[in-house]
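It should be emphasised that the depicted structure is a prediction, and the values quoted were computed from it without experimental measurement.
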Amino acid sequence: MTQETAEHVAAMLRDARSEKGWTQGQLASELGTSQSAVARMEQGKQNLSLKMIQRLETIFGRSIVNVGKPQMTHLRVEGGHTLSGSVDVNSSKNAGVALLCASLINRGTTILRRLARIEEVNRIVEVLTSIGVECTWLNDTDLQLRRPAVLDLEAMDVDAARRTRSVIMLLGPLLDESAKYRLPYAGGCDLGTRTVEPHMQALRQFGLSVEATAGFYSVQAPPADTRDRSFVLTERGDTVTENAIMAAAHREGTTVIRNASPNYMVQDLCFYLQMLGVEIEGVGTTTLKITGRLSIDDDIEYFPSEDPIEAMSLITAGIVTNSEVTIRRVPIEFMEIELATLGQMGQQLEISGEYMARNGRTRLVDVTTKPSELHAPEDKIHPMPFPGLNIDNLPFFAVIAANAQGQTMIHDWVYENRAIYLTELNRLGAQVQLLDPHRIYVNGPTKWRAAEVGCPPALRPAACLLLAMLAARGVSELRNIYVIERGYEDLAERLNAIGAKVEYFQD
């Protein structure tokens, strides 16, 4: 940043802060930095990263640096470096999104501590704010939410809602909020036709009526009742289970849900609701018994647990760069199959003793990767519902298998076309053979090479490309990283903290 630009930014920053009536200390709290750092920014003496400028623009709702029309953000990666040191796993994206939706059930104040500041969370916060929820960032990671007595569902931010698939999870907490309302079609990753019918089947058990119209779901609320109900989910989906749990949580009577997902984000949701006085039996199993509360008005603080998918991402970074790296705060209950599979491939890992997460319920360990000679597993690698190998962790095994001697089959049976995106690893020197929309062969070992690659429209395959670039000698570019920012908070900076060389840039 030139001195002239720094002085221009400093002046705009002072003006924007003054218009809000904030002190430097208040702005520092919003940014999660020190007051002295804000003072240096306002004097033009602080170098500002692209990410910091974007955060300032989000806070003030204005352009800080005039760069013309909105531009896409990219990553430049200088690969081939050995990583070292340690890095903490952040809180779960999927748990955070579910908890944001569940906060609508509570008429009191909910504070979510150490919430991931990612685009998926930002979109849900925008949706909640648009319907009248007071959403206040107490600092860089803690979000306070308080809903009004009556939500303004007609004012919902349609654009924000359509940029996230998570909006479908509002149906459960909004079960009988209004006699009739509309919800925009869900968006998110392009992973093929992921039907919403399982959600509808579950919520019909509560009497909810949903009709698909042009671009919206037209919802008619069920009449109030206090009866008990028991049903089986035809699909053991995470978000389907969460929607059913949230519907049951604010209905009197007892609901038994069979074939429920016991995955990490579902458990976090249950822990939160239990703190609100909702009786839930069977947490961590496939049968849940829920006795709801018709009126919930409690003040509550909750820490979402750590993200096993981010943990796998960071472990993969250590493996593909053949480095010794310690990944701290790994939720071991949701990583055991992944770590066992890595062990079968010859990966050496050191695993610490267990300790508790901040929510007091989730078991954590520290995992250290060791330089290892990998070989292809004897059997294919495929996901299964928890406690099997996590569906979202499967793509990382394509990058890992590319470093292993031999041929690995990866069977991604859940999504229609996610496996196709993994063939983009070939641009970086991998040998990935597409067998059909669900199966690939990965032949290794790979001599990675630098390349310019556009992000595929799916979060985990996009992250796989970034991780492969860490291993590729030379300078690679990953173009248009919005999809990565949907699911990771400051991933580049955190990789840099353990020795990677990744920088943001715009055209």
Side-chain angles (χ1 to χ4, degrees), residues 1-2 5-6 8-9 12-13 16 30-33 41 46-79 90 93 116-126 137 140-141 159-160 162-165 187-190 309-310 313-314 317 395 421 424-425 427-428 450-470 472 474-498 500-507:
M1 183 181 291
T2 66
T5 302
H8 168 74
V9 170
M12 292 196 68
L13 190 55
E30 285 288 318
L31 291 171
T33 188
M41 292 179 196
Q46 177 83 3
N47 287 328
L48 298 179
S49 68
L50 179 59
K51 292 289 288 184
M52 179 60 78
I53 291 172
Q54 290 173 333
R55 186 165 290 174
L56 287 166
E57 290 177 339
T58 298
I59 289 172
F60 293 119
R62 64 163 66 177
S63 174
I64 299 295
V65 178
N66 184 13
V67 292
K69 65 181 181 180
Q71 296 181 359
M72 293 183 291
T73 302
H74 320 295
L75 289 176
R76 185 174 290 117
V77 183
E78 183 182 305
N90 280 339
K93 153 190 168 313
R117 293 291 293 266
I118 56 175
E119 286 301 297
E120 189 82 351
V121 165
N122 291 340
R123 297 293 81 75
I124 294 296
V125 169
E126 288 173 3
W137 288 101
D140 200 39
T141 61
D159 180 61
R162 285 186 172 149
R163 293 172 69 187
T164 169
R165 191 176 297 274
C189 291
D190 181 6
I309 317 305
E310 180 176 286
S313 308
L314 297 170
Y421 298 133
E424 287 293 284
L425 291 168
R427 305 273 300 275
L428 295 162
E452 179 182 319
V453 187
C455 259
L459 172 57
R460 307 308 171 184
C464 286
L465 288 169
L466 172 58
L467 296 172
M469 288 176 176
L470 298 179
V475 177
S476 298
E477 290 184 0
L478 187 58
R479 314 282 297 182
N480 189 12
I481 62 165
Y482 176 78
V483 68
I484 290 179
E485 295 187 322
R486 278 189 53 236
Y488 292 91
E489 181 181 11
D490 297 336
L491 180 58
E493 288 95 330
R494 299 171 67 238
L495 290 170
N496 288 343
I498 53 175
K501 293 191 176 181
V502 185
E503 64 178 6
Y504 295 89
F505 72 99
Q506 291 181 334
D507 294 323

Okay, side chain of [X], backbone of [Y]: is any donor-acceptor separation there less than 3.5 Å?
X	Y	value
Arg117	Thr141	no
Asn480	Cys455	no
Glu310	Asn90	yes

Ala116: partners by side chain to side chain contact (heavy atoms under 4.5 Å, CB included), with sequence neighbours left out = Ser91, Ile118, Glu489
Between [X] and [Y], what is the shortest heavy-atom contact and its length?
X	Y	value
Leu459	Gly487	CD2-CA, 3.7 Å
Ala450	Ala472	N-CB, 3.8 Å
Glu452	Arg427	O-NH2, 2.9 Å
Leu428	Ala468	CD1-CB, 3.8 Å
Leu478	Gly454	CD1-C, 4.4 Å
Leu425	Cys464	CD2-O, 4.0 Å

Chi angles and distances behind the side-chain contact (heavy atoms from CB on, under 4.5 Å) call for Glu485, Glu119 | CA-CA 6 Å; Glu485 295 187 322; Glu119 286 301 297; 3.9 Å; yes
Audit row: Ile481, Tyr504, side-chain contact (heavy atoms from CB on, under 4.5 Å) steps and yes/no = CA-CA 10 Å; Ile481 62 165; Tyr504 295 89; 3.6 Å; yes
Hey, which of Asp490, Val77, Leu314 is the one that makes side chain to side chain contact (heavy atoms under 4.5 Å, CB included) with Leu495?
-> Leu314
What's the spacing between [X] [atom1] and [Y] [atom2] if we round to 0.5 Å?
X	Y	atom1	atom2	answer
Phe505	Thr73	CZ	OG1	9.5 Å
Glu120	Tyr488	CD	OH	13.0 Å
Gln506	Met72	CD	CE	9.5 Å
Glu503	Glu493	CD	CD	11.5 Å

Beyond-backbone contact of Pro456 with Leu465, side-chain heavy atoms, under 4.5 angstrom = yes
Inspect the contact between Glu126 and Arg123 and indicate whether a charged nitrogen and a carboxylate oxygen are less than 4.0 angstrom apart.
-> yes
